[in-house]
Amino acid sequence: MTETTSFAPGRVEILGNHTDYNGGVVLSAALQIGITAIARRLPASQVQLSSEGIEGVETLNRSTGLARSGKWIDYPLGVAEMLARAGAEPGGFSIHFSSTLPHGAGLSSSAALEVATAVALMRLYPFDLARMDVARLCRRAENEFVGVNCGLLDQASSVFGKKDHLVFLDCRSETVDAIPLPPHLGLLIINSGVKHALTGGEYNERREQCFEAARLMQVPALRDASTAQLDSTPMPDLVKRRARHITGENERVFEAIEALRQGTPEALGALMTASHRSSIENFENSTPELDLLVSLATSQPGCLGARLSGGGFGGSIVALVEKEKSQQIQQNVVEEYNARAEATATALLCEAADGAIPA
Ligand code: GLA
C-alpha cells in the first residue's frame with residue numbers, strides 16, 4: 001500500500017483511577033472523536049510530519065535512527081522507532097494528522113496520535129502485530145521515547161474500544177473484555193477548562209507513593225493488596241491514603257462489572273461518585289473546579305454518578321447520564337459552572353465507540 005488513512009479514538013476513563021501502573025483493573029470507553037492520519041510512502045529514509053492547526057512540515061532523515069526532539073512529533077517518531085526496533089521495515093513516510101479531540105481535555109490525544117501512527121505505518125510497510133502488542137508498543141513509545149511514565153490504559157482503550165461497550169482492562173494479565181453499556185445511558189464529558197501546569201511531576205510523585213506502599217506491604221504491586229490488608233499495615237498516613245485510593249478503585253471496578261452484569265447500572269454511577277470522593281480525600285488529584293462540576297452534575301435528575309477522568313489535576317469529569325435527560329443536564333451544569341467558576345466549561349455527550357483496530 002502506498003497511501004492509507006487511519007483513525008484512532010480518544011478515550012474516557014470510567015472507573016479505576018491510577019490503577020493501570022499498579023497492575024490493577026480499569027473500565028474505560030473509546031470515543032467517537034479522535035485523530036485521523038493520512039499517510040503515504042516516501043523514498044528511502046525521508047520522514048515528513050504535519051498537523052492541521054500547526055504551521056509547517058517537519059522534515060527528517062531516519063537513516064541514522066530517530067531521536068527525541070521535545071516537540072509534538074515525538075509521539076509519531078517514537079512509534080516509528082519502536083516499530084523499527086520490533087522488526088518492521090524502517091521505510092520513508094509522510095503523515096498529516098487532524099483531530100476532533102478538544103485540546104487539553106484529558107481525553108488522551110497522545111495515545112490516539114500514537115495508535116493512529118502505528119496503524120498507518122503497519123499498513124504502509126506491512127507488519128503484523130496482535131492488538132495488545134500494538135497498545136504495548138505505543139505505550140513503550142510514550143514511556144521510552146517521549147519520556148512520559150503512563151500506564152497501558154490510554155493506548156489499550158484506543159485500540160480495543162467497542163461500540164456501546166465499556167473496555168475492561170486487566171493490567172496484570174494485559175487482557176481486555178467488552179462489557180455492554182445499557183443503551184439508555186450516555187457519557188457526558190465536561191471539561192473544566194483548567195489544567196494545572198505541574199501534571200507531570202504530580203503524576204510521577206503519586207506513582208512513587210504507590211510503589212512505596214507496595215514495598216511496605218511486601219507485595220509486588222498494589223493490585224495484590226485489599227483495602228482491609230492495607231488498613232492493618234502500619235505506614236505513614238499520606239502513603240496509606242494514596243494506596244487506599246488504588247485498592248478502593250480496584251474493588252469498585254469489580255463491583256461495577258458485577259452491577260452491569262446484574263442490570264443495575266445505578267450502582268456503577270454511585271461507584272463513580274465514590275471514586276471522586278476518594279480522589280479528594282485520598283489521592284488528592286482533584287481540583288476545586290472538578291469538584292464543582294461533579295457536585296453540580298450529581299445533583300441533576302437523570303445523572304447516575306460523576307467523577308474526574310484520567311490523571312486528574314484538571315481536565316474533565318465524566319458523568320453517567322440517562323440519554324433523554326442529557327441535554328438538560330449539560331445545559332444546567334455548564335450554565336451554573338460558568339456563573340460560579342473563573343473558567344469556562346465545555347460539554348460533550350459521547351457514546352462508547354469502536355477502537356482503532358476492529359476485532
Ligand atoms: C493518565 C495516564 C494513564 C492512567 C491515568 C490515570 O491518563 O496516561 O496511564 O494512569 O492517567 O488512571
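If you read the sequence from its start, that first residue is 1, and numbering goes on from there. Atoms within each ligand, like the ligands themselves, are counted from 1 in listed order.
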For ligand 1 and T19, I'd like to know whether there is a polar contact (N/O to N/O, distance under 3.5 Å).
no
Can the ring centroids of Y21 and Y203 be said to lie less than 6.0 angstrom from one another?
yes
For ligand 1, is there an N or O atom under 3.5 Å from any N or O atom of E13?
yes
What atoms of ligand 1 come closer than 4.0 angstrom to any heavy atom of R11?
7 (O)
Under 3.5 Å between any N/O of L152 and any N/O of ligand 1: does that happen in this structure?
no
Give the atoms of ligand 1, by number and element, whose distance to some non-hydrogen atom of G151 is under 4.0 Å.
9 (O)
Near G310 (heavy-atom distance under 4.0 Å), the atoms of ligand 1 are 6 (C), 11 (O)
Is the shortest N/O to N/O distance between S108 and ligand 1 below 3.5 Å?
no
Between C150, S309, G311, which one has a non-hydrogen atom sitting closest to atom 11 (O) of ligand 1?
G311
Is a side-chain donor-acceptor pair under 3.5 Å present for T344 with N338?
no
Shortest protein contact, atom 8 (O) of ligand 1 (heavy atom only)
D154 OD2, 2.5 Å
Under 4.0 Å between heavy atoms, the region of R206 that gets near ligand 1 turns out to be neither
May I ask you to identify the nearest protein heavy atom to atom 10 (O) of ligand 1, giving residue, atom name and distance to one decimal place in Å?
Y203 OH, 2.6 Å
Any side-chain donor-acceptor pair under 3.5 Å between D170 and T175?
no
Among all protein heavy atoms, pick the one closest to atom 3 (C) of ligand 1 and tell me residue, atom and distance.
D20 OD2, 3.4 Å
Closest non-hydrogen atoms of G269 and L320, given as atom of the first, atom of the second and distance, are N-CD2, 3.9 Å
Candidate pair E284 and R241, rule salt bridge (charged side-chain N to carboxylate O under 4.0 Å, His left out), full reasoning:
CA-CA 9 Å; E284 296 178 280; R241 281 191 291 120; 3.1 Å; yes
Where is the tightest heavy-atom contact between M235 and L216, given as atom of each residue plus distance?
CB-CD1, 3.8 Å
Please work out whether the ring planes of F283 and H18 are parallel, tilted or perpendicular, with thresholds of 30° and 60°.
tilted
Do other residues, nucleotides or ligands put more than 12 heavy atoms under 6.0 Å from the CZ atom of R123?
yes
